[in-house]
2 protein chains.
Amino acid sequence: MEEQQVGSLHFQIDFSQPLYEQILDQARSAIAKGEIALGEKMPSVRELAQELRINPNTVMRAYQELERDGLTEKRRGQGTFVTSSADNVASFRTALAAKYIDSFMEQMENLGLSWEDIEKYVRGKKDSGTGGDGL
Amino acid sequence: MEEQQVGSLHFQIDFSQPLYEQILDQARSAIAKGEIALGEKMPSVRELAQELRINPNTVMRAYQELERDGLTEKRRGQGTFVTSSADNVASFRTALAAKYIDSFMEQMENLGLSWEDIEKYVRGKKDSGTGGDGL
DNA sequence: TTAAGTGTATTATATCACTTAATACACTTA
DNA sequence: TAAGTGTATTAAGTGATATAATACACTTAA
């Protein structure tokens, strides 16, 4: 329910998931969608922690994963910056998407649903209320 | 890595997720796909615990959720049985699938991927190696 | 040089989810 | 009566998560 704008970044934090995961996911999303530009400075660890009213260590954990993802670069004494490599962002996006899709397809398989079933449901939602049977 | 057949049920247990969740997911899947028939007796709490070499309390937790799902019925002194209501199974399946799909679509949205992007990727995997660019 | 702002590391503590263990009780069936 | 059911309780241990307090190395600007 907590809604916060910090610099170019927007966060919605709740208690449904670990805090560092929510920060990670939402920062990833902002970078992948270009809501924060290539090369742009991220909020500092301390600043983000203060704004979100959480511990700096928790922010650090998310930031370190962002760097492992190749989405940010850190410059000691200066701060954390979004990577200036569009390739990094693109390849991260495709890799994570592939992972999500594969995992999702396995879930559907476990429920005995085919790709056609899924398509039908999604199209039903897009044309909201035009008579999609919904699975 | 642990692979176990217990009655009509098949389990693969590892340590990537809580044990009770894995039992729950795999039992749900077996019921949804009809691998265990309507009305059929499930392994007893103690038996399943012994076969999987885990604590009965952990099995209990999964079994209680199965009952809340409407997928099983318990008869004191007799055991746990798959529901005999095909409607229960069907409605559970659609409800859970809808939940998974909505959650998945949100993930894709967060990565800035459209439904067409997803379709392209999935079709590429189905025609394995016929030149799908993959996102 | 100094001060303020960076990322980073360490140690300690607390809480919670998950799991195990041991035991006991109520019920059903043979 | 005995064995097999689901169920409940209490206790304990482990690991992930999060906080707190400090300290250090580096960069930049005053």
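Bear in mind the structure is a predicted one, so any value in this text is a computation, not a measurement. For the numbers below, each heavy atom of this structure counts, side chains included, while hydrogens, waters and symmetry mates do not. Labels below follow one simple rule: chain letters A, B, ... track the order of the sequence lines, proteins then strands, and each chain is numbered from 1.
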Tell me the interatomic distance from B:Gln17, atom CD, to D:dA16, atom C1', rounded to whole angstroms.
15 Å
Salt-bridge present (B:Arg61, B:Glu21; N to O < 4.0 Å)
no
N-O pairing of A:Glu119 and B:Arg123 below 4.0 Å:
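Looking at B:Arg123 together with A:Glu119, the answer is yes, because their closest N to O distance falls below 4.0 Å.
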Could you tell me whether the side chains of [X] and [Y] share a donor-acceptor contact shorter than 3.5 Å?
X        : Y        : answer
B:Asp117 : B:Ser114 : yes
A:Tyr100 : B:Asn110 : no
B:Asp14  : B:Ser16  : yes

Covered region of DNA chain C, 5' end to 3' end, by chain A [heavy atoms, under 4.0 Å]
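Boundary nucleotides touching chain A, in 5' to 3' order, are C:dG5 to C:dT10.
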Interface residues of residues 42-60 of chain B with DNA chain C (non-hydrogen, below 4.0 angstrom)
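Only B:Arg46, B:Ile54, B:Asn55, B:Asn57, B:Thr58 qualify.
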Considering residues at least two apart in sequence or located in another chain, which fulfil the side-chain hydrogen bond (donor to acceptor under 3.5 Å, both in side chains) criterion with [X]?
X       : answer
A:Arg28 : A:Asp69
A:Glu65 : A:Arg68
B:Asp25 : none

Base-pairing assignment for D:dC24 (Watson-Crick or G-U wobble, both under 3.5 Å):
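Its partner is C:dG7.
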Paired to C:dT1 by Watson-Crick or G-U wobble criteria (both distances under 3.5 Å) is D:dA30
Is a side-chain N or O of B:Gln5 found less than 3.5 angstrom from the main chain of B:Phe11, in a donor-acceptor match?
no
Tell me which residues in residues 69-82 of chain B put a heavy atom below 4.0 Å from DNA chain D, sorted by number, or none.
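Result for residues 69-82 of chain B: B:Lys74, B:Arg76, B:Gly77, B:Gln78, B:Gly79, B:Thr80, sorted by number.
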Passing option when A:Ser8 is tested against A:Lys41, A:Glu40, A:Glu35 for side-chain hydrogen bond (donor to acceptor under 3.5 Å, both in side chains):
A:Glu40
